Each structure stands twice: as structure tokens, then as C-alpha cells.
Amino acid sequence: MISTTDPHRNRKPRNIGDEEWAVRVQLAAAYRLAAKFQLTDLIYTHISVRVPGTTDQFLINPHGWFFDEITASCLVKIDTEGRPIGDDRFEVNAAGFTIHSALHQSRHDVECVVHLHTDAGMAVAALECGLLPLNQISMQFYNRVNYHDYEGISLDLDERSRIVRSMKDANYLILRNHGLLTTGRSVAEAFTRMFYLNRACEIQVQTLSMGQKVTLPSPEVCEHAAKQHDDYAYLDTVHLDREWTALLRLLDRDGGEYRC
């Protein structure tokens with residue numbers, strides 16, 4: 001499994017336990033990586049993670065901060081009603097709270113939720129066809145992506161039940177005319193799922209922009225490829241560990257400020 005060893009643990013505030021601090025470091029890394037891969041929308045969109053040992057508390061970014069400013073210590077701990085727990089210095093975006101709390105409340109198998117407004121993700125979210133199985137990357141999502149119709153900016157708390165109903169037990173959600181959402185059993189899993197879902201959208205936009213007739217494998221082949229990925233991704237935790245550890249090295253080469 002993913003190591004939580006942190007060479008900068010001496011920077012951990014005394015009022016935060018070791019297990020929570022390790023998760024904070026992982027979440028801060030995801031924000032920095034989203035910035036590094038240019039997946040941001042200024043100060044908007046969010047990545048959240050459940051506080052270890054709880055079912056009604058999660059960590060999210062302070063509203064008004066760029067993703068490349070996020071550190072482990074600045075993350076805001078709130079409950080599923082949006083109330084800050086402990087440190088109340090920072091504000092939380094109401095729309096982010098609505099979407100993320102919906103899944104943290106209902107899906108206790110989900111530890112991390114990633115919601116982004118990428119250019120390619122929003123472009124595909126506006127297509128009636130949605131995500132197409134155009135290549136090996138997009139085929140991993142075949143019949144595994146659900147859709148949620150646009151209702152306006154996600155400020156109404158009663159939308160939460162409809163988001164949950166749209167998501168069901170899937171790990172991928174395309175919010176029509178809005179953006180992308182992924183979940184995972186860890187920050188690493190949710191982030192890498194988002195990275196590849198967004199990449200699939202980027203490739204689709206590029207492919208369709210060529211104006212040529214596209215070829216799609218048969219439904220049987222698409223399902224076979226998706227099942228292969230399901231088995232590989234679920235069983236090979238070593239692969240995920242290697243991938244995430246490599247991403248953390250990428251950040252650490254820049255100074256590792258996310259650990260502060």
C-alpha cells in the first residue's frame with residue numbers, strides 16, 4: 001500500500017494526529033499535482049478526503065487559494081453540514097461543499113472525491129454522445145461513467161440527493177455542461193482516475209477536431225478492455241503505489257512545500 005512516511009513530519013502541528021497528517025499531505029500533493037498538470041480553474045473546483053476514522057468529517061481546500069499554494073496545514077476540516085471543525089480561519093466554497101458532501105455522506109466506500117473544470121472535460125460534458133471509446137485510455141471508462149444533468153451552480157443542497165442518484169456505485173461522473181468527477185479509496189486512486197479521465201477527454205477533443213470519420217471497436221472488445229483495466233487497477237496496488245510515489249517525487253524535486 002501507499003507509504004505515509006514523511007521526511008518532514010517534524011513540521012506537523014501538535015494538534016493533528018499522525019494518521020490525519022499523513023492524509024493531509026496526500027491531499028495537498030493532489031492539489032499541487034492538479035496545478036502542475038494545468039487542471040485548475042483559478043480558485044474554483046475541489047479535491048476532498050475523508051478524515052481517517054470518521055464518517056462525517058472531511059478535508060477540503062480553503063476558498064480563495066490557488067492549488068499551487070495548498071499545503072497540508074492549510075486544509076480545512078469540516079463536517080457534512082459545512083461547519084468548520086477546530087480551526088475556522090478559512091472559508092469553504094459553498095458549491096464545493098454541496099458536491100463533495102453529497103458523496104462523503106452517502107458513499108462510505110469513498111475516501112477521496114476529485115471535481116475539476118478542465119477545458120477538455122467541460123467540452124466532452126457538453127456533447128450529447130458523452131465520452132466515446134476512441135482509444136485504449138478511454139476504453140477503461142467504457143460503461144463505467146455516469147452522467148448528471150446540469151441544474152445550475154451547485155448551491156442548492158437538495159441537489160445532493162440527485163447527484164448521489166446519478167453517481168450510484170460508479171467512480172466516475174460527468175456533470176453535463178459542467179465538468180468531471182472521480183472518486184477513490186485513496187487520494188492516489190481518485191487523482192489518477194481523474195488524470196486519465198481528463199486525458200481521455202483531451203484525446204477525444206483532438207480526435208473529433210480532425211473532422212475525419214472515427215473507428216470504434218465493437219462493444220464486446222470495449223467491455224473486454226474495460227474489464228482488463230478493472231482487474232489490473234483493483235488487484236495491482238503495487239502499480240498504484242509506484243505511480244503515486246513517482247508523482248510525489250515530481251513534487252519533491254520542486255521543494256516539497258505541500259508537506260508544510
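What you are looking at is a predicted structure, and each value in this text was computed from that prediction instead of being measured.
We find the SG-CG distance between Cys201 and Leu132 to be 10.0 Å, quoted to the nearest 0.5 Å. Between the CD atom of Gln204 and the OG atom of Ser138 there is a distance of 7.0 Å, given to the nearest 0.5 Å. With rounding to the nearest 0.5 angstrom, the CG atom of Leu103 is 5.5 Å from the CE atom of Met167. Atom CD1 of Ile163 and atom CG of Leu173 lie 7.5 Å apart (nearest 0.5 Å). In this structure, CG on Leu181 lies 11.5 Å from NE2 on His46, to the nearest 0.5 angstrom. Between Cys222 atom SG and Lys227 atom NZ the span is 16.0 Å, to the nearest 0.5 Å.
The minimum heavy-atom distance linking Thr182 with Ala190 is given by the pair OG1-O, 2.9 Å. Taking both residues in full, the closest heavy atoms of Cys260 and Thr71 are given as O-CB, 3.4 Å, listed atom of the first, atom of the second, then distance. Heavy-atom minimum distance, Arg193 versus Phe141: O-CZ, 4.1 Å. Between Leu75 and Ala28, the closest heavy-atom pair is CD1-N, 4.2 Å. Between Thr55 and Arg50, the shortest heavy-atom distance links the atoms O-NH1, 3.3 Å. Of all non-hydrogen atoms in Ala125 and Gly179, the two that sit nearest each other are CB-N, 4.2 Å.
Using modelled atom types and a 3.5 Å distance limit, the side chains of Asp41 and Thr45 yield no donor-acceptor pair. Side-chain polar atoms of Asn171 and Thr183 form a donor-acceptor pair below 3.5 angstrom. Arg160 and Thr98 share no donor-acceptor pair across their side chains, judged by distance under 3.5 Å alone. Side chains of Trp244 and Gln26: a donor on one and an acceptor on the other come within 3.5 Å.
Between Glu20 and Lys77, at least one side-chain nitrogen of the basic residue sits less than 4.0 Å from a carboxylate oxygen of the acidic one, meeting the salt-bridge criterion. A salt bridge links Lys36 with Asp254: at least one charged nitrogen is closer than 4.0 Å to a carboxylate oxygen. By the 4.0 Å N-to-carboxylate-O rule, Asp252 lies close enough to Arg259 to be salt-bridged with it. For Arg144 and Glu223, the salt-bridge test passes: some basic side-chain N is under 4.0 Å from an acidic carboxylate O.
In this structure, Val221 is not a member of the same hydrophobic cluster as Tyr142, with clusters built from ILVMFWY side-chain heavy atoms closer than 4.5 Å. The same ILVMFWY cluster, assembled from side-chain heavy atoms under 4.5 Å apart, contains both Met194 and Leu250. In the hydrophobic clustering of ILVMFWY residues, with side-chain heavy atoms under 4.5 Å counting as a link, Val113 and Tyr172 come out apart. In the hydrophobic clustering of ILVMFWY residues, with side-chain heavy atoms under 4.5 Å counting as a link, Leu116 and Leu247 come out together. Leu180 and Leu127 fall into different hydrophobic clusters, where Ile, Leu, Val, Met, Phe, Trp and Tyr side chains are chained together by heavy-atom contacts under 4.5 Å.
With Gln105 contributing its side chain and Ala102 its backbone, the two residues share no donor-acceptor pair below 3.5 Å. A distance-only check finds a donor-acceptor pair linking the side chain of Thr54 to the backbone of Val51 [under 3.5 Å].
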Between Glu189 and Glu111, is a side-chain contact (heavy atoms from CB on, under 4.5 Å) present by the stated rule, with each step listed? CA-CA 10 Å; Glu189 186 171 58; Glu111 296 299 319; over 6 Å; no
Determine, step by step, whether Ser166 and Tyr147 satisfy the side-chain contact (heavy atoms from CB on, under 4.5 Å) criterion, reporting the C-alpha distance in whole Å, the side-chain angles of both residues, the deciding distance to 0.1 Å, and the verdict. CA-CA 6 Å; Ser166 297; Tyr147 294 83; over 6 Å; no
Could you go step by step and tell me if His224 and Glu220 meet the side-chain hydrogen bond (donor to acceptor under 3.5 Å, both in side chains) rule? CA-CA 6 Å; His224 175 62; Glu220 293 77 18; over 6 Å; no
Trace of the side-chain contact (heavy atoms from CB on, under 4.5 Å) decision for Ile78 with Gln57: CA-CA 6 Å; Ile78 60 176; Gln57 299 175 17; over 6 Å; no
Starting from the C-alpha separation in whole Å, work towards a yes-or-no answer on side-chain hydrogen bond (donor to acceptor under 3.5 Å, both in side chains) for Asn198 and Thr118. CA-CA 7 Å; Asn198 182 68; Thr118 64; 2.5 Å; yes
Starting from the C-alpha separation in whole Å, work towards a yes-or-no answer on side-chain contact (heavy atoms from CB on, under 4.5 Å) for His148 and Arg176. CA-CA 6 Å; His148 177 69; Arg176 298 275 190 192; over 6 Å; no
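Listed by chain and residue number, His115, His178 satisfy the ring-ring contact (aromatic ring centres under 6.0 Å, His included) test with His117 (two or more places apart in sequence, or in another chain). Listed by chain and residue number, Phe58 satisfy the ring-ring contact (aromatic ring centres under 6.0 Å, His included) test with His104 (two or more places apart in sequence, or in another chain).
Under a cut-off of 6.0 angstrom, the local environment of CG in Asp109 is crowded, with over 12 non-hydrogen atoms contributed by other residues, nucleotides or ligands. Counting heavy atoms of neighbouring residues, nucleotides and ligands inside a 6.0 Å radius, atom CG of Asp56 exceeds 12 of them. Counted within 6.0 Å of CD1 on Ile43, heavy atoms from surrounding residues, nucleotides or ligands total more than 12; the atom is thus considered enclosed. Residue-environment remark: CZ (Arg199) stays at or below the threshold of 12 foreign heavy atoms within 6.0 Å.
Each of Ile47, Leu251, Leu39 was evaluated against Leu33; a single residue qualifies, Leu251, per the side chain to side chain contact (heavy atoms under 4.5 Å, CB included) test. Among Tyr258, Phe37, Tyr31, Phe191, the single residue meeting the ring pair (Phe, Tyr, Trp, His ring centres under 6.0 Å) criterion with Phe67 is Tyr31.
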Please output the side-chain donor-acceptor pairs of residues 205-216 that fall under 3.5 Å, not counting sequence neighbours, one pair per line with the distance.
unit_1: Thr207; atom_1: OG1; unit_2: Ile203; atom_2: O; d: 2.7
unit_1: Ser209; atom_1: OG; unit_2: Val205; atom_2: O; d: 3.4
unit_1: Ser209; atom_1: OG; unit_2: Gln206; atom_2: O; d: 2.6

